[in-house]
2 protein chains.
Amino acid sequence: MNSDDTQERPTERVGQVVEQVGHVVEHAGHAVGQTVEGIGAYIRSQRELADVSLRQLARTAGVSNPYLSQIERGLRKPSAEILQQIAKGLRISAEALYVRAGILDERPASVVTDAVLADPTLTERQKQVLLDIYSTFRRENDQSVVPGTPDKE
Amino acid sequence: MNSDDTQERPTERVGQVVEQVGHVVEHAGHAVGQTVEGIGAYIRSQRELADVSLRQLARTAGVSNPYLSQIERGLRKPSAEILQQIAKGLRISAEALYVRAGILDERPASVVTDAVLADPTLTERQKQVLLDIYSTFRRENDQSVVPGTPDKE
DNA sequence: CGCGAGTGCTAGCAGTTGCAAGCGCTCTGC
DNA sequence: GCAGAGCGCTTGCAACTGCTAGCACTCGCG
């Protein structure tokens, strides 16, 4: 019995460790895959929102259209420079793409509120107006799950 | 006398033109070199400020030391991910390195603009709307020239 | 002196990035 | 029907990125 228990325990432990390692790897792969596929899907969604073909965006961004296609499908991982060019073509900020690509950390939600409140060039009334609009926008986004909002986090 | 003056004038002019061209080329090279060599030189200067050897930084950053050496000497251009790792090893913000590498623009004068652009809970359209209103408010405040009197608006 | 530890760099290589050439498809006009 | 324009994608390739193995050098110690 004791020798049976002794032999089963190491096996169980090994199995659990392997399971946990597998889980971590799977989890890490999921996170990595999410970041890579996320930026491509986001670029495509922004492009479709702008009602622009892949070739048109490739041209205005100064990127080859096959490469842009590969990026959108998650087959390639673009450099920051390419993301910058794509952002220019989409007329959005490069920072937005960097955040989704995991290059740049996202800002906590309160940063906007804090920044507005601390801005010395605004009157108190203007601050309230801006923050009201900001709150409204975010409420809308929570309810409607807009495609441009990554909800997978 | 007159013939001496005539011969000295053209020579002086040619020399000045050559000098100006050389100055422009030198200036352009300096600007380009500044971005590429700038990030490497900056990393080296930060490393020396921290009194850390190249190998120590490479280890804490999780980067190979030959590659870090090449980066510092401007022979290679690191990706944003590598810059992120180096920033971690140097205990400085990745953004500081991104700015010097030309990946990220310098902070806008307004913290509000920065925060809004980086906010992932807003769509790109909403960001533009908010920033347009923000710009309008600030323009109004500039015209009325009453920065210290918020209640008059 | 020799040795070990540490230094920064060279050279070659595997994998990745971004491109050009080209494909098959759809739609429109003649 | 055909030709042309546009669409998104496949494939192969050159250049680049980041690494490993190893080198020459300096310094301190016995």
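Computation of the quantities below employed the complete heavy-atom set of this structure, encompassing side-chain atoms and omitting hydrogens, waters and symmetry-equivalent molecules. Every chain is numbered from 1 and lettered A, B, ... according to where its sequence line falls, protein lines coming before strand lines.
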Query raised in the report: For Glu48(A), what residues pass the salt bridge (charged side-chain N to carboxylate O under 4.0 Å, His left out) criterion, not counting sequence neighbours?
Result: none
**Report entry** Gap between atoms CG and C1', on Leu54(B) and dG18(D) respectively (whole Å)
**Finding:** 14 Å
**Report entry** Contacts of Glu124(B) that satisfy side chain to side chain donor-acceptor pair (under 3.5 Å) - sequence neighbours left out
**Finding:** Tyr42(A), Lys127(B)
Report task. Output, in order, the C-alpha distance, side-chain angles, deciding distance and verdict of side chain to side chain donor-acceptor pair (under 3.5 Å) for Ser69(B) and Arg73(B). Result -> CA-CA 6 Å; Ser69(B) 172; Arg73(B) 288 173 290 133; 2.9 Å; yes
Query raised in the report: Looking for any heavy atom pair under 4.0 Å, which part of the strands does Arg59(A) touch: base, sugar-phosphate only, or nothing?
Result: nothing
**Report entry** With Ser93(A) via side chain to side chain donor-acceptor pair (under 3.5 Å) - residues at least two apart
**Finding:** none
Report summary line: Whole-Å distance, Ile43(A) CD1 to dG8(D) P, equals 15 Å
Requested in this report: Scan nucleotides 10-26 of chain C nucleotide by nucleotide, 5' to 3', and note B when protein non-hydrogen atoms come under 4.0 Å of the base, S if they reach only the sugar-phosphate, - if neither.
Outcome: B------BBBBB-----
Query raised in the report: With sequence neighbours left out, which residue pairs that include part of residues 79-91 of chain B fulfil the salt bridge (charged side-chain N to carboxylate O under 4.0 Å, His left out) condition?
Result: Lys77(A)-Glu81(B)
Query raised in the report: With respect to the phosphate group of dG6(D), does any side-chain polar atom (N or O) of Gln56(A) fall under 4.0 Å of OP1 or OP2?
Result: no
Query raised in the report: Thr121(A): what forms a side chain to side chain donor-acceptor pair (under 3.5 Å) with it, not counting sequence neighbours?
Result: Asp119(A), Arg138(B)
